[in-house]
Structures are given as structure tokens and as C-alpha cells.
Protein chains: 2
Amino acid sequence: MPTTNLDRRVEARLAEHEVRYTSGRKAVIQALSEVEGPRSAAELSEIVGDSVPLSSLYRTLAVLEDAGVVAPHFSKNLARYELAEWLAGHHHHLVCIDCGTIDDIAIPETLEVRVEEIVTAIGDISKFRASNHALEVEGTCARCA
Amino acid sequence: MPTTNLDRRVEARLAEHEVRYTSGRKAVIQALSEVEGPRSAAELSEIVGDSVPLSSLYRTLAVLEDAGVVAPHFSKNLARYELAEWLAGHHHHLVCIDCGTIDDIAIPETLEVRVEEIVTAIGDISKFRASNHALEVEGTCARCA
DNA sequence: ATATAGAATGAGAATCGTTACAGATTTGTT
DNA sequence: AACAAATCTGTAACGATTCTCATTCTATAT
């Protein structure tokens with residue numbers, strides 16, 4: 001089990017939260033780093049196999065979420081997890097209204113700047129202090145089209 | 001039970017889908033029209049009381065969603081419903097990272113146009129057919145600030 | 001190296017929100 | 001009133017998630 005750069009960053013973050021970077025947690029991080037978008041516990045279980053039992057998987061996700069290493073997304077009554085933005089980079093979401101799959105999409109800097117301008121404007125007209133944002137685009141994915 | 005303008009619009013929409021606008025369905029619509037943001041089945045049950053049993057409430061929400069009268073919103077493993085955008089108006093969401101509350105926010109037309117341009121651009125660079133969108137702004141709400 | 005304390009694990013039971021089922025009731029039509 | 005279809009409702013079933021607790025592991029002190 002090689003220690004990647006990602007591993008090092010996760011380990012450091014977990015250390016701040018005084019929890020260990022165990023092999024089960026490593027397996028989940030590894031799995032999440034290999035897929036495109038958020039994945040449910042069941043989907044992750046498919047990937048990691050018997051090495052991480054379902055009950056441990058759920059607990060692992062809770063620990064990782066708590067430490068800010070992964071972030072949950074909810075759709076169709078089920079939670080899907082992905083690496084937090086400081087690990088995966090800022091991105092937006094394409095949500096398929098047919099199959100529920102969520103794909104990440106990073107947009108060109110020029111567009112991103114325009115999104116940020118809008119978010120700033122929203123902060124100005126509301127009593128809300130914005131710290132992050134995501135554009136959720138709903139529609140039909142290539143597979144369901 | 002007076003028939004409001006909202007009732008008439010909902011009734012027409014349901015008629016298109018060949019379902020009736022019964023008193024239970026009316027009660028749910030009424031409840032949703034009186035609150036600020038999305039509400040879960042349990043929360044709605046609190047409002048409508050015994051007049052709509054929980055199992056009926058769930059089925060009612062399914063019927064209304066099917067007809068496009070209400071729209072679900074997922075967070076923390078539970079579905080919250082609100083009136084569809086053609087009834088409540090297009091809006092975005094302010095998600096408080098502290099208390100979890102989601103507030104609706106409608107933005108000025110000039111900003112909305114810019115959001116739509118960005119969504120269109122995203123559709124162009126991906127193989128995704130966008131039908132709707134929502135800007136999810138994360139941050140701290142006035143109460144938690 | 002070994003002992004020890006705290007952290008982490010794993011199998012199964014329990015819980016929660018939600019859906020499916022089936023019989024009873026209501027509605028519109030004739 | 002009589003009928004067929006739509007709707008309702010209590011209960012059972014279900015899937016996703018959380019909890020429990022006995023066991024295993026790990027870091028640290030000795």
C-alpha cells in the first residue's frame with residue numbers, strides 16, 4: 001500500500017483531529033480518489049469489497065466527514081460522499097434527474113470568476129456571509145439522454 | 001375551505017395529469033403555501049394534523065411531485081418539499097453551515113440572466129442537457145453570525 | 001520487547017424515513 | 001340508486017443508516 005501525496009494530506013488533517021489514518025480509512029479515501037463524482041456507501045462498498053464491512057464503512061465516512069476530509073451530498077434519500085474541495089479542487093455538480101447520478105464539473109476560470117461575482121452580489125443583498133458555493137445543474141446525463 | 005388562486009392553478013395542473021384535487025391534497029398545498037422553506041413529511045404532518053394520516057401524506061406528496069406541483073429537496077437523509085418553482089418562483093438557496101437551515105433567495109433579473117448564461121455555457125462544454133439549476137451558497141446565516 | 005490504555009473494528013440488532021399492500025371508502029357517471 | 005374507478009388508510013415491509021458491545025489493534029510508556 002503506497003503512501004501517496006493525497007494520503008499525506010489526509011493523514012495530516014486527521015492528525016489535527018486526533019484520529020488515526022487506518023487502512024480502512026485509507027481504502028475509502030483511495031476509492032473516492034479513483035472515481036469521478038460523489039458515491040453512496042453502497043457504491044463505495046462495491047469498490048472496497050470485504051476489506052471494509054458496511055458498518056465500518058458508515059463509521060469511517062462519519063469520521064472523515066467530521067474531519068472535513070469528505071463532504072456529503074444528498075439526493076433521492078441517500079447520501080453520496082466525495083473528497084472535500086481542498087483535496088479535490090473546486091467544482092460544480094451535474095445532477096441527473098433520471099438516475100440520480102451526480103457528476104463533478106470544473107469550469108473554466110473565466111466562468112468561475114463570473115459565478116463568484118454573482119455569489120458576492122448575493123452576499124451583498126442578503127444578510128448571509130457566503131463562504132463557498134456550488135452551482136447545481138439539473139438535467140439529463142449522457143447515459144440517460 | 002375557500003378556494004384560492006393558488007388552488008385554482010394547482011387544480012388545473014392536476015387535471016392535466018388526470019388526478020383529483022381532494023381535500024387532503026388541498027391541505028398539504030395549503031400547509032406548504034404558509035411556510036417559508038422546504039418541509040419534511042414529518043413537519044408537514046405536524047401542520048396538517050390527523051386530517052391527513054402519514055401514509056396518505058407520503059402518497060399525496062408523491063402524487064403532487066409527479067404532477068410537478070411540489071419539488072423535493074434532500075438534506076441529511078430526508079426529503080423536504082416545497083411548491084414547485086412555477087408556483088413559488090425561481091430561487092436559489094442559502095445553506096447555513098452552522099445550523100443547516102436552508103433559506104430560499106430570489107435574485108434580481110440581471111443576476112439571474114448571468115446565471116443562466118453560465119449554465120448554458122456548462123451545457124455546451126459537457127454532454128449534459130440542463131433543464132434547471134440552483135446556486136447553492138454556503139455560509140453563515142444572520143442568526144448564526 | 002511487553003504491558004497497558006485508548007482507539008478502532010465488525011457482526012448483528014435496532015431505528016428511521018419511506019414505500020408497498022390490501023381492504024374500505026369516496027367520487028363521478030349513468 | 002348502482003357501478004367502476006380513484007382515493008384513502010392502517011399495517012407490514014423495506015432499505016439506508018446508526019447503535020451496541022465484545023473483540024482487535026496501535027501507540028506509548030516501561
Side-chain angles (χ1 to χ4, degrees), chain A residues 1 3 7 10-31 38-67 69-81 99-102, chain B residues 1 3 10-11 13-31 38-67 69-82 100:
Chain A
M1 184 173 7
T3 296
D7 283 328
V10 171
E11 182 161 34
R13 178 75 168 235
L14 290 182
E16 286 170 27
H17 286 253
E18 307 189 332
V19 297
R20 299 174 188 152
Y21 193 34
T22 61
S23 65
R25 292 166 185 176
K26 219 164 169 173
V28 172
I29 292 296
Q30 164 90 6
R39 290 292 186 280
S40 68
E43 289 163 343
L44 287 172
S45 187
E46 282 278 312
I47 302 176
V48 299
D50 294 342
S51 66
V52 183
L54 205 50
S55 74
S56 300
L57 181 49
Y58 274 106
R59 199 149 24 75
T60 294
L61 288 170
V63 168
L64 294 176
E65 180 186 350
D66 217 59
V69 173
V70 304
H73 284 279
F74 301 94
S75 72
K76 292 245 184 294
N77 284 329
L78 118 178
R80 294 166 193 270
Y81 292 83
C99 64
T101 300
I102 303 173
Chain B
M1 184 173 3
T3 296
V10 171
E11 183 161 34
R13 178 72 167 237
L14 290 182
E16 286 170 27
H17 286 254
E18 307 189 332
V19 296
R20 299 174 189 152
Y21 192 33
T22 61
S23 64
R25 290 166 188 177
K26 219 163 168 175
V28 172
I29 292 296
Q30 163 89 6
R39 289 292 185 281
S40 68
E43 290 163 341
L44 287 172
S45 188
E46 281 278 312
I47 302 177
V48 299
D50 294 342
S51 66
V52 183
L54 203 51
S55 78
S56 300
L57 181 49
Y58 274 107
R59 205 167 21 75
T60 294
L61 287 170
V63 169
L64 293 176
E65 181 185 350
D66 218 58
V69 173
V70 304
H73 202 292
F74 301 94
S75 75
K76 198 59 195 142
N77 286 330
L78 110 173
R80 293 166 190 276
Y81 292 83
E82 60 184 347

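Just so it is clear: chains get the letters A, B, ... in the order the sequence lines come, proteins before strands, and each one is counted from 1.
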Picking from [options], which would you name as closest to the side chain of [X]?
{"X": "A:Arg20", "options": "D:dG10, C:dG6, C:dT18", "value": "C:dG6"}
{"X": "A:Val19", "options": "C:dA8, C:dG10, D:dT11", "value": "C:dA8"}
{"X": "B:Lys76", "options": "C:dG10, D:dC8, D:dT18", "value": "D:dT18"}
{"X": "A:Tyr58", "options": "D:dT18, C:dA11, D:dT7", "value": "D:dT18"}

Whole angstroms only, please: what is the [atom1]-[atom2] distance between [X] and [N]?
{"X": "A:Tyr81", "N": "D:dT17", "atom1": "OH", "atom2": "C1'", "answer": "9 Å"}
{"X": "A:Arg59", "N": "D:dT20", "atom1": "CZ", "atom2": "C1'", "answer": "11 Å"}
{"X": "B:Phe74", "N": "C:dG17", "atom1": "CZ", "atom2": "C1'", "answer": "12 Å"}
{"X": "A:Glu65", "N": "D:dT17", "atom1": "CD", "atom2": "P", "answer": "12 Å"}
{"X": "A:Leu14", "N": "C:dA7", "atom1": "CG", "atom2": "C1'", "answer": "13 Å"}
{"X": "A:Glu18", "N": "C:dA8", "atom1": "CD", "atom2": "C1'", "answer": "15 Å"}
{"X": "A:Asn77", "N": "C:dG17", "atom1": "CG", "atom2": "C1'", "answer": "7 Å"}
{"X": "A:Glu43", "N": "D:dG15", "atom1": "CD", "atom2": "P", "answer": "16 Å"}

Heavy-atom side-chain contact between B:Arg25 and B:Val10 under 4.5 Å
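SC-SC contact between B:Arg25 and B:Val10 ruled out.
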Measure the OG-CG distance between B:Ser45 and B:Leu57 for me, rounded to the nearest 0.5 Å.
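So the gap between those two atoms works out to 5.5 Å.
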To the nearest 0.5 Å, how far apart are OG1 in B:Thr60 and CG in B:Leu44?
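Between atom OG1 of B:Thr60 and atom CG of B:Leu44 there are 10.5 Å.
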For a quick check of understanding: with a heavy-atom distance under 4.0 Å over all strands, which category does B:Arg80 fall into, base, sugar-phosphate or nothing?
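If one applies the 4.0 Å heavy-atom cut-off, B:Arg80 turns out to touch nothing in the nucleic acid.
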Under 4.0 Å, counting only non-hydrogen atoms across every strand here, what does A:Ala79 touch: a base, just sugar-phosphate, or nothing?
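Here A:Ala79 touches the backbone only, sparing every base.
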Check whether any side-chain N or O of A:Arg25 sits under 4.0 Å from OP1 or OP2 of C:dA8, and answer yes or no.
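Affirmative; the distance criterion is met.
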Which salt bridge (charged side-chain N to carboxylate O under 4.0 Å, His left out) pairs, counting each pair once, include a residue from residues 38-59 of chain A, with sequence neighbours left out?
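Found A:Glu43-A:Arg80.
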Return yes if the base of C:dA8 and the side-chain atoms of A:Thr22 contain a donor-acceptor N/O pair under 3.5 Å, otherwise no.
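Answer is no: no donor-acceptor pair is held.
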Report yes or no: does B:Ser56 contribute a side-chain atom to a donor-acceptor pair with the main-chain N or O of B:Val52 at less than 3.5 Å?
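No, the answer is negative, given that no donor and acceptor are paired below the 3.5 Å cut-off.
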